[in-house]
Amino acid sequence: MQLPYFRYLAANYGEPRMAMKTVRITKEINFEMAHALYGHDGPCKDIHGHSYKLTVTLRGKPIDDSASPKFGMVMDFADLKRILKSKVTDEFDHAVLVWDQSPFAKMAQDPLYGNIIPVSFQPTCENILLEIVRRVRPELPDGVELASMRLRETATSYAEWQAEDPN
């Protein structure tokens with residue numbers, strides 16, 4: 001079964017080959033999180049928060065099976081949103097990330113302090129971004145690759161990861 005738009009394209013321009021080309025799709029999410037950079041030589045050594053914006057770009061070929069409910073999509077944005085919610089927002093929104101080797105990590109044992117998450121790395125913007133890459137990448141369906149991520153910590157500062165960069 002060919003959809004009307006594709007029948008129009010086929011009649012006027014020949015068979016469409018759009019579905020065979022690689023396309024990038026991007027989803028953005030926002031979350032609020034605090035962190036402290038233990039041992040840092042500036043004000044970021046203290047617990048402080050940010051309004052983070054995460055931009056995730058995927059790469060793949062649109063599904064060319066017209067019987068599929070995802071026909072024409074690299075990935076359904078709703079499915080990507082669910083992954084980002086479970087692996088990023090549900091974990092980090094309104095949390096405080098602290099290095100597990102810092103004195104701040106002791107706060108995680110006291111319910112008075114709320115959602116304190118000790119992590120095995122210094123929670124810089126760069127390292128938080130790499131942690132999000134680590135969490136999201138395995139959740140993507142076959143044929144869909146993580147192309148890039150950008151984690152904006154402030155209006156003028158962000159960290160960026162590109163799949164093609166050397167490890």
Item to check | Verify same cluster id: Val96, Leu37 (apolar side-chain graph, 4.5 Å) | outcome: no

Quick one: does [X]'s side chain get under 4.5 Å of [Y]'s, heavy atoms only?
| X | Y | value |
| --- | --- | --- |
| Ile25 | Thr57 | no |
| Leu58 | Leu80 | yes |
| Lys53 | Arg150 | no |
| Ser51 | Glu32 | yes |
| Arg137 | Ile132 | no |
| Lys70 | Asp79 | yes |

Item to check | Glu131/Arg135 salt bridge by N-O under 4.0 Å criterion | outcome: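 Glu131 and Arg135: salt-bridged.
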
Next on the checklist: Classify the ring geometry of Tyr38 against Phe104: parallel below 30°, tilted from 30° to 60°, perpendicular beyond 60°.
Outcome noted: perpendicular

I need the [X] [atom1] to [Y] [atom2] distance, nearest 0.5 Å.
| X | Y | atom1 | atom2 | answer |
| --- | --- | --- | --- | --- |
| His35 | Asp46 | NE2 | CG | 11.0 Å |
| Cys44 | His50 | SG | NE2 | 6.0 Å |
| Met33 | His48 | CE | NE2 | 9.5 Å |
| Lys27 | Met149 | NZ | CE | 13.5 Å |
| Thr22 | Glu145 | OG1 | CD | 8.0 Å |

Checklist entry - Is a side-chain donor-acceptor pair under 3.5 Å present for Glu153 with Tyr52? => result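 Note: Tyr52 and Glu153 side chains meet the donor-acceptor criterion.
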
Checklist entry - Do you know which of Ile128, Val133, Leu130 makes side-chain contact (heavy atoms from CB on, under 4.5 Å) with Leu151? => result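 Output: one option passes, namely Ile128.
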
